Chemist: 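First the structure, which I've put down as structure tokens, then a few questions once you've had a look.
As the structure is a computational prediction, the values presented were derived from the model and not from experiment.
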Amino acid sequence: MKQTRSIQKAAGYTTCRYPFSGLMNPRNPSKYTTNSQLQNNYLNLLLRYPEDYLNQNIVHSLNNLHHPLIPIKEMYERCLDIDNYNQFSNIVSATGGQISLEQASINMLHTLGGNSPPSKEFQIELVAGSHGDLGAKEMAAFDPLFFLHMANVDRIFWLWQTKYQVNTVLQAVHYNTRRRNQAKEWSRAFPNATGRSRIGYEYSTKPLYIWSRQSTKQSPMDIIDIVNQLNYRYTNGSITLEQTA
């Protein structure tokens with residue numbers, strides 16, 4: 001990933017979460033920006049238990065937003081109503097007011113990190129000015145909360161698979177690499193595809209390709225069924241298939 005100056009962090013930097021700010025001075029990544037210093041100093045003086053504000057922001061964003069904003073729990077529920085995989089899975093494919101799993105996931109990350117874009121599609125935080133690392137794609141994976149969040153995204157995907165009985169195959173748009181722009185973009189993700197390949201989930205993607213060099217090549221189709229192929233399952237959470245039926 002190409003690093004941008006705005007998210008450079010010096011060695012020893014500690015990941016921060018909402019409502020604090022982790023923006024560093026681009027000229028000196030070991031120092032906070034002036035706005036971050038003011039935000040963090042004020043909160044440290046004001047808040048006795050800062051983690052309570054994160055918990056309150058999560059509850060607020062999941063349940064208590066009002067039109068035109070959409071509570072994130074409702075976003076997750078609405079994406080489960082989409083029976084087409086492409087439209088269910090990503091923002092670009094969603095149409096006609098549909099809310100994809102990707103959109104719900106992004107909104108949740110901004111709730112955990114703060115710094116929601118000024119758009120009606122995103123929630124408003126209870127405390128303004130936060131720039132936690134979970135709200136920045138370049139830094140999100142450095143916070144352990146990111147992996148809990150992505151486990152929940154995986155659980156929602158499993159609920160969708162179970163609801164529409166697609167635990168062994170996905171019907172998605174194929175990409176033909178004979179188109180020049182697509183060939184350049186997709187060759188990075190599918191190293192074993194040829195110039196005339198019709199790329200789909202049967203091809204080894206790069207992480208799986210590298211991981212399985214010493215054995216049989218793996219593709220997304222080899223890990224699509226979490227119960228029978230990966231040997232794990234999820235118990236009921238706050239969203240169940242009964243609620244979305």
Side-chain angles (χ1 to χ4, degrees), residues 17-19 50-137 139-141 143-167 170-173 224 226-227 232-245:
R17 298 170 181 162
Y18 171 94
E51 63 274 12
D52 289 346
Y53 280 73
L54 174 60
N55 294 335
Q56 290 173 19
N57 199 51
I58 292 172
V59 172
H60 169 73
S61 298
L62 283 172
N63 302 298
N64 300 329
L65 300 181
H66 301 289
H67 182 79
L69 303 174
I70 302 173
I72 298 176
K73 182 181 178 183
E74 181 182 333
M75 285 185 160
Y76 281 125
E77 292 170 342
R78 285 172 58 173
C79 77
L80 288 170
D81 291 333
I82 304 172
D83 59 3
N84 177 281
Y85 171 72
N86 284 53
Q87 294 168 343
F88 157 77
S89 63
N90 69 86
I91 295 171
V92 173
S93 298
T95 60
Q98 293 175 328
I99 296 176
S100 67
L101 178 60
E102 181 185 13
Q103 183 69 77
S105 172
I106 289 173
N107 280 29
M108 192 67 231
L109 283 173
H110 281 294
T111 291
L112 296 171
N115 189 29
S116 293
S119 167
K120 66 179 182 179
E121 297 178 355
F122 290 85
Q123 71 280 2
I124 305 299
E125 297 96 33
L126 294 175
V127 177
S130 60
H131 289 268
D133 295 315
L134 278 160
K137 63 182 179 180
M139 291 294 298
D143 190 317
L145 277 180
F146 176 79
F147 297 97
L148 293 176
H149 163 71
M150 294 309 299
N152 185 57
V153 171
D154 183 61
R155 186 181 72 87
I156 297 296
F157 180 36
W158 177 69
L159 287 176
W160 182 86
Q161 289 181 279
T162 302
K163 181 175 182 177
Y164 297 104
Q165 299 181 353
V166 286
N167 292 327
L170 288 177
Q171 296 296 327
V173 172
I224 193 174
I226 66 169
V227 176
Y232 73 92
R233 66 177 71 239
Y234 290 102
T235 57
N236 284 340
S238 59
I239 296 176
T240 64
L241 289 181
E242 290 75 15
Q243 292 174 321
T244 61

Chemist: Side chains of Ile239 and Leu80: closer than 4.5 Å at any heavy-atom pair?
Modeler: yes
Chemist: Considering all heavy atoms of both residues, which atom of Phe157 and which atom of Tyr85 are nearest to each other, and what is their separation?
Modeler: CE1-CE1, 3.8 Å
Chemist: Tell me, please, which residues at least two apart from Tyr164 pass side-chain hydrogen bond (donor to acceptor under 3.5 Å, both in side chains).
Modeler: none
Chemist: Where do Ile224 and Val166 come nearest, in terms of heavy atoms and distance?
Modeler: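 That closest heavy-atom pairing would be CD1-O, 4.3 Å.
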Chemist: Output the distance between atom CG (Leu109) and atom CG (Asp143), rounded to the nearest 0.5 Å.
Modeler: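 Leu109 CG to Asp143 CG: 10.0 Å, rounded to 0.5 Å.
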Chemist: Closest approach of Arg17 and Pro144, non-hydrogen atoms and distance?
Modeler: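 Answer, listing the atom of Arg17 first, then Pro144: NH2-CD, 4.2 Å.
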Chemist: Hey, mind stepping through Leu134 and Leu145 against side-chain contact (heavy atoms from CB on, under 4.5 Å) and telling me if it holds?
Modeler: CA-CA 8 Å; Leu134 278 160; Leu145 277 180; 3.8 Å; yes
Chemist: Holding to side-chain hydrogen bond (donor to acceptor under 3.5 Å, both in side chains), I want the full list of residues that pass it with Ser93, two or more places apart in sequence or in another chain.
Modeler: Asn90
Chemist: Between Lys163 and Asp83, does the side-chain contact (heavy atoms from CB on, under 4.5 Å) criterion hold? Intermediate values first, please.
Modeler: CA-CA 9 Å; Lys163 181 175 182 177; Asp83 59 3; over 6 Å; no
Chemist: Got a second to check how far Gln98's CD is from Ile82's CD1, nearest 0.5 Å?
Modeler: 4.0 Å
Chemist: Please check: side-chain N/O of Ser105 versus main-chain N/O of Leu101, any donor-acceptor pairing under 3.5 Å?
Modeler: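 Not at all, since once roles are kept as given, no pair shorter than 3.5 Å links the two residues.
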Chemist: Using only atom types and a distance under 3.5 Å, with no angle test, would you say the side chain of Ser89 pairs donor to acceptor with the backbone of Asn86?
Modeler: yes
Chemist: Quick one, Trp158 with Val227, criterion side-chain contact (heavy atoms from CB on, under 4.5 Å). Give me CA distance, side-chain angles, the key distance, then yes/no.
Modeler: CA-CA 10 Å; Trp158 177 69; Val227 176; 4.0 Å; yes
Chemist: As an exercise, state the distance from CD1 of Ile72 to CD of Gln103, rounded to the nearest 0.5 Å.
Modeler: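 So the CD1 of Ile72 and the CD of Gln103 are separated by 9.5 Å.
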Chemist: My understanding is that only residues two or more places apart in sequence, or in another chain, count here; which of them pass side chain to side chain contact (heavy atoms under 4.5 Å, CB included) with Asp52?
Modeler: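 In terms of side chain to side chain contact (heavy atoms under 4.5 Å, CB included), with neighbours along the sequence ignored, Asp52 is linked to Tyr49, Asn55, Gln56.
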Chemist: Which heavy atom of Thr111 sits nearest to which heavy atom of Asn57, and what is that distance?
Modeler: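 It is O-ND2, 3.1 Å.
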Chemist: Return the set of residues passing side chain to side chain contact (heavy atoms under 4.5 Å, CB included) with Asn236 (not counting sequence neighbours), or none when no residue passes.
Modeler: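 Here the qualifying residues are Thr240.
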Chemist: With side-chain contact (heavy atoms from CB on, under 4.5 Å) as the criterion, how do Ile106 and Ile91 come out once you've worked through the C-alpha distance, each side chain's angles and the decisive distance to 0.1 Å?
Modeler: CA-CA 10 Å; Ile106 289 173; Ile91 295 171; 3.7 Å; yes
Chemist: Applying side chain to side chain contact (heavy atoms under 4.5 Å, CB included), name anything that partners Arg78, two or more places apart in sequence or on another chain.
Modeler: Ile70, Glu74, Ile99
Chemist: Nearest heavy-atom pair of Ala151 and Tyr234: which atoms, and what distance?
Modeler: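 Smallest heavy-atom distance, with atoms named: O-OH, 3.3 Å.
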Chemist: Kindly write out the residues that satisfy ring pair (Phe, Tyr, Trp, His ring centres under 6.0 Å) with Phe88, not counting sequence neighbours, or none if the list is empty.
Modeler: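 Only Trp160 meet the ring pair (Phe, Tyr, Trp, His ring centres under 6.0 Å) criterion with Phe88.
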Chemist: For a quick test of reading the model, state the closest non-hydrogen atom pair linking Leu69 to Leu65 and the distance between them.
Modeler: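 Smallest heavy-atom distance, with atoms named: CB-CB, 4.0 Å.
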Chemist: Does a side-chain heavy-atom distance below 4.5 Å link Val153 with Glu102?
Modeler: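 Not touching, per the 4.5 Å side-chain cut-off.
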Chemist: Could you check whether any side-chain heavy atom of Leu112 comes within less than 4.5 Å of a side-chain heavy atom of Phe146, counting everything from C-beta outward?
Modeler: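 Counting from C-beta outward, Leu112 and Phe146 never come under 4.5 Å.
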Chemist: Using the side-chain hydrogen bond (donor to acceptor under 3.5 Å, both in side chains) criterion, which residues pair with Gln161? Sequence neighbours excluded.
Modeler: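 Scan of Gln161 (side-chain hydrogen bond (donor to acceptor under 3.5 Å, both in side chains), adjacent residues dropped) gives none.
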Chemist: Does Asn152 have any side chain to side chain contact (heavy atoms under 4.5 Å, CB included) partners at least two apart in sequence or in another chain, and if so, which?
Modeler: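 Asn152 satisfies side chain to side chain contact (heavy atoms under 4.5 Å, CB included) with Tyr76, Arg155, Ile156 only.
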